[in-house]
Amino acid sequence: MTKKEEEFFNQLYTESYPLLKKYAVSKIGTNEAEDALQETYYQAYRNITLLKSHPNPAGWLMLTCKNLLKKRLGKLQKHFGATFPGDANDILQNIPTTDNYDPLYLEELKKILSDNDYFLLVKKYIEGYSIEELAKQLNITDGACKMRLKRAKKEARKKLKFFLFGLLFSLCKDYIR
């Protein structure tokens, strides 16, 4: 790479990175967006001669990033069997439907959650019911069902955190003085 090409690449990177990052994060979430951006700029670096003579280098980067994001989203959807409207950090949101959950984990979850919360989470994330199916079973609107699920997940997170801290403390109490 020549000095002029390197300067061109650095300037293009500096000017385009904030916009591309904002776009990528809005589509796929922070961690996956960073990977897609690295791949985008790697492609730009490899094709610097073509990019330098391109009439719209920023547009080329945007299109490359968009295509890489589509590819990554496709892989994630195939892996998790779900769609990701934004950040994919919520593990309860992205649990794949499967029949091989640890029964001991489910029993602990049943002990620490109310029957209604446990029912909702199991039906949605283990048995794979849709929001519409759950709402119909409970004879409520889809919006009400979504809100109940949101509250159930929040409660599960809170109670699991306390449960894990208690378990950790009981394991380490002999070592704390």
Side-chain angles (χ1 to χ4, degrees), residues 17-40 62-177:
Y17 186 79
L19 179 65
L20 275 180
K21 182 173 182 180
K22 187 175 181 178
Y23 171 75
V25 168
S26 75
K27 296 295 180 192
I28 200 167
T30 308
N31 294 335
E32 289 294 323
E34 289 292 335
D35 292 343
L37 287 172
Q38 282 183 346
E39 180 65 24
T40 299
M62 183 61 88
L63 188 59
T64 302
C65 183
K66 181 181 174 184
N67 290 334
L68 288 168
L69 288 172
K70 279 183 181 178
K71 197 187 266 186
R72 285 185 175 278
L73 273 172
K75 284 180 183 178
L76 286 172
Q77 288 171 351
K78 185 176 179 183
H79 179 72
F80 286 108
T83 57
F84 298 104
D87 201 353
N89 290 332
D90 185 358
I91 193 162
L92 285 173
Q93 180 85 15
N94 302 319
I95 294 175
T97 304
T98 183
D99 293 333
N100 60 354
Y101 279 92
D102 183 359
L104 294 175
Y105 174 76
L106 290 175
E107 282 302 311
E108 282 305 316
L109 202 56
K110 191 172 188 173
K111 288 178 191 174
I112 61 175
L113 292 176
S114 71
D115 290 340
N116 290 338
D117 289 348
Y118 180 78
F119 170 82
L120 276 173
L121 293 174
V122 167
K123 288 291 185 187
K124 173 70 176 145
Y125 298 108
I126 295 177
E127 295 178 14
Y129 283 84
S130 69
I131 298 287
E132 294 79 19
E133 292 170 326
L134 277 172
K136 194 177 281 187
Q137 276 186 3
L138 298 170
N139 202 21
I140 58 176
T141 66
D142 292 355
C145 186
K146 286 179 187 177
M147 184 53 73
R148 285 188 188 182
L149 267 170
K150 181 179 178 180
R151 289 179 183 146
K153 290 190 299 187
K154 184 178 180 180
E155 189 67 18
R157 278 189 212 100
K158 185 172 81 174
K159 288 188 176 178
L160 282 172
K161 193 183 301 181
F162 285 120
F163 173 75
L164 292 173
F165 282 135
L167 182 62
L168 183 62
F169 180 75
S170 70
L171 293 172
C172 298
K173 67 182 176 191
D174 295 334
Y175 300 103
I176 300 173
R177 298 201 188 262

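Counting from 1, the numbers follow the sequence of the chain as shown. What you see is a predicted model, and the numbers here were worked out from it, not measured in a lab. These numbers come from the heavy atoms of this one structure, side chains and all, not from hydrogens, waters or symmetry mates.
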J.: Between OH of Tyr23 and CG of Leu37, what distance do you get to the nearest 0.5 Å?
T.: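 Those atoms lie 11.0 Å apart.
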
J.: Measure the spacing between CZ of Arg151 and CG of Leu149 and express it to the nearest 0.5 Å.
T.: 11.5 Å

J.: Would you give the length of the straight line joining atom CD of Glu133 to atom CG of Asp142, rounded to the nearest 0.5 angstrom?
T.: 11.0 Å

J.: If you count the non-hydrogen atoms of other residues, nucleotides and ligands that lie under 6.0 Å from NZ in Lys123, is the total more than 12?
T.: yes

J.: How close do Lys124 and Tyr129 get, heavy atom to heavy atom, and via which atoms?
T.: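 That would be CD-O, 3.3 Å.
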
J.: Specify the closest pair of heavy atoms between Cys65 and Leu20, including all atoms of both residues, with the distance to one decimal.
T.: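 Result for this residue pair: CB-CD2, 3.9 Å.
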
J.: Could you tell me which non-hydrogen atom of Leu69 sits nearest to which non-hydrogen atom of Ala36, and how far apart they are?
T.: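 Looks like CD2-CB, 3.6 Å.
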
J.: Taking all non-hydrogen atoms of both residues into account, name the closest pair between Leu120 and Arg148 and its distance.
T.: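 Residues Leu120 and Arg148, closest heavy atoms: CD1-CB, 3.5 Å.
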
J.: Roughly how far, to the nearest 0.5 Å, is CD of Gln38 from CG of Asp35?
T.: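 The CD atom of Gln38 is 6.0 Å from CG of Asp35, to the nearest 0.5 Å.
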
J.: How many angstroms lie between atom OG1 of Thr141 and atom NZ of Lys136, to the nearest 0.5 angstrom?
T.: 13.5 Å

J.: Can you measure from NZ (Lys154) to NZ (Lys150) and round to the nearest 0.5 angstrom?
T.: 8.0 Å

